[in-house]
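Quick notes on the structure that follows.
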Amino acid sequence: MNHLLKLLDLSTDEILELLNLADQLKYEQKHDMKHPYLEGQTLGMIFQKSSTRTRVSFEVGMSQLGGTALFLSNRDLQIGRGEPVQDTARVLSRYLDGIMIRTFAQQEVEDLATYGSIPIINGLTDFCHPCQVLADLMTVREHKKRLEGLQMCYIGDGNNMANSLIVGCLKAGMQVSIATPDDYRPDAAVLEFAKGYGEKFRLTSDVKKAAEGADVIFTDVWASMGQEEEAELRRKAFAGYQINEELLKVCAPDVMVQHCLPAHRGEEISAETFEKHADEIFDEAENRLHAQKAVLVKLMKK
Ligand code: CP
Ligand code: NVA
């Protein structure tokens, strides 16, 4: 494993190895055990979209690992004025030990990996959000003590989160059922991948059908970053695609609720359900730190 570009590239063993390492790093941090595995190393963090969790958790994670993180905004980099990603990749590879990038096109992340000579980590594209889903799997395993055989449900937009959840959860041995409106289905390549899992994968537009018996239920915003102008249209298209107390009645009695955040109460999740499951949701946010430290150590430790 040289990069983390998308979960489709990882084997089940690689995913489980990262989750185990994340558990170990969380233990070390919680017990004040120093773990400077990346001493003297520098991570560049390129952001072409906003971020709270990704930015702070990567920066703090590098610091806890004994390294440094550089925040590189699109507004300041020449990439924002049209310098080709191929050149940016080759220049930054001469200065840095790794790059985390949050951008729009998946191809840009793939190009960085192709042209650069250092590990590249995808911090979210329009196609996927692998770091988030590693943290999600870690959180579900912490709460449920296993992943294999659990039933995961996702309600809402067939977006980057849906794409990564489908791949990550199927690879981790979970059953996956997704409810999206017909016009907002997950990516075709992801659906093709999921086909190989037969009965373990279900896609419907019926929210209740998808949620039936779920051990863990996820949702995400109706309009992602870059889709702000479609917000009104999407509000109509996604009406009813909400996690709320009524929907949880058809899930398993001890269902866990997850949301990558930021959340829009009253849209994809009700305020009541969000607050009732806030501990699980903020555990999920915390685990971004630990899961990403595992990715950094795995990719960058010399
Ligand atoms: N979940 C997530 O990636 O949050 P940020 O957009 O705040 O980084
Ligand atoms: N789907 C959301 C996730 C944010 C973490 C977006 O892309 O904006």
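For ligands, and for the atoms within them, numbers begin at 1 and follow the listed sequence.
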Quick one: does [X] get an N or O within less than 3.5 Å of an N or O on ligand 2?
X: V221; answer: no
X: R102; answer: no
X: K49; answer: no

Donor-acceptor side-chain pairing of [X] and [Y] below 3.5 angstrom:
X: Y154; Y: N159; value: yes
X: Q175; Y: D215; value: no
X: Q48; Y: E108; value: yes

Enumerate the atoms of ligand 2 whose separation from the nearest heavy atom of [X] is less than 4.0 angstrom.
X: N159; value: 1 (N)
X: N160; value: 1 (N), 2 (C), 6 (C), 7 (O)
X: L261; value: 5 (C)

Identify the protein heavy atom lying closest to [atom], giving its residue, its atom name and the separation to 0.1 Å.
atom: atom 4 (C) of ligand 2; answer: L124 CD1, 3.9 Å
atom: atom 6 (O) of ligand 1; answer: R102 NH1, 2.8 Å
atom: atom 4 (O) of ligand 1; answer: R53 NE, 2.8 Å
atom: atom 3 (C) of ligand 2; answer: D220 OD2, 3.6 Å
atom: atom 8 (O) of ligand 2; answer: M225 N, 2.8 Å

- Item | Heavy-atom proximity to atom 5 (P) of ligand 1, best of T52, V221, N160, D220 | T52

- Crowded around Y197 OH? As in, over 12 foreign heavy atoms under 6.0 Å? yes

- Task: Determine whether the side chain, the backbone, both or neither of L261 has a heavy atom under 4.0 Å from any heavy atom of ligand 1.
- Result: backbone

- Is it the side chain (CB and beyond), the backbone, both or neither of R55 that lies under 4.0 Å from ligand 1, heavy atoms counted? neither

- Using heavy atoms and a threshold below 4.0 Å, how should the contact between D157 and ligand 2 be classified: side chain, backbone, both, or neither? neither

- Task: With heavy atoms under 4.0 Å as the rule, classify the contact between D126 and ligand 2 as side chain, backbone, both or neither.
- Result: neither

- Query: For the side chain of Q24 and the backbone of N20, is there at least one donor-acceptor N/O pair under 3.5 Å apart?
  - Reply: no

- Message: When you measure from the centre of the six-membered ring of F104, is the NZ or CZ of K49 closer than 6.0 Å and no more than 45° off the axis?
- Response: yes

- Is R55 positioned over the aromatic face of F47, cation under 6.0 angstrom from the ring centre and no more than 45 degrees off axis? no

- Quickly, which of Q29, E28, Q64 forms a side-chain contact (heavy atoms from CB on, under 4.5 Å) with H290? Name it, please. Q29

- Item | Residue that, paired with I166, satisfies side-chain contact (heavy atoms from CB on, under 4.5 Å) out of V190, L203, D187, V133 | V190

- Just say parallel, tilted or perpendicular for the rings of F274 and H259, cut-offs at 30° and 60°. perpendicular

- Item | Proximal atoms of ligand 1 relative to C260 (non-hydrogen, under 4.0 Å) | 1 (N)

- Answer yes or no for R288: is there a heavy-atom contact with ligand 1 below 4.0 Å? yes

- Item | Minimum side-chain heavy-atom gap S270-R265 below 4.5 Å | no

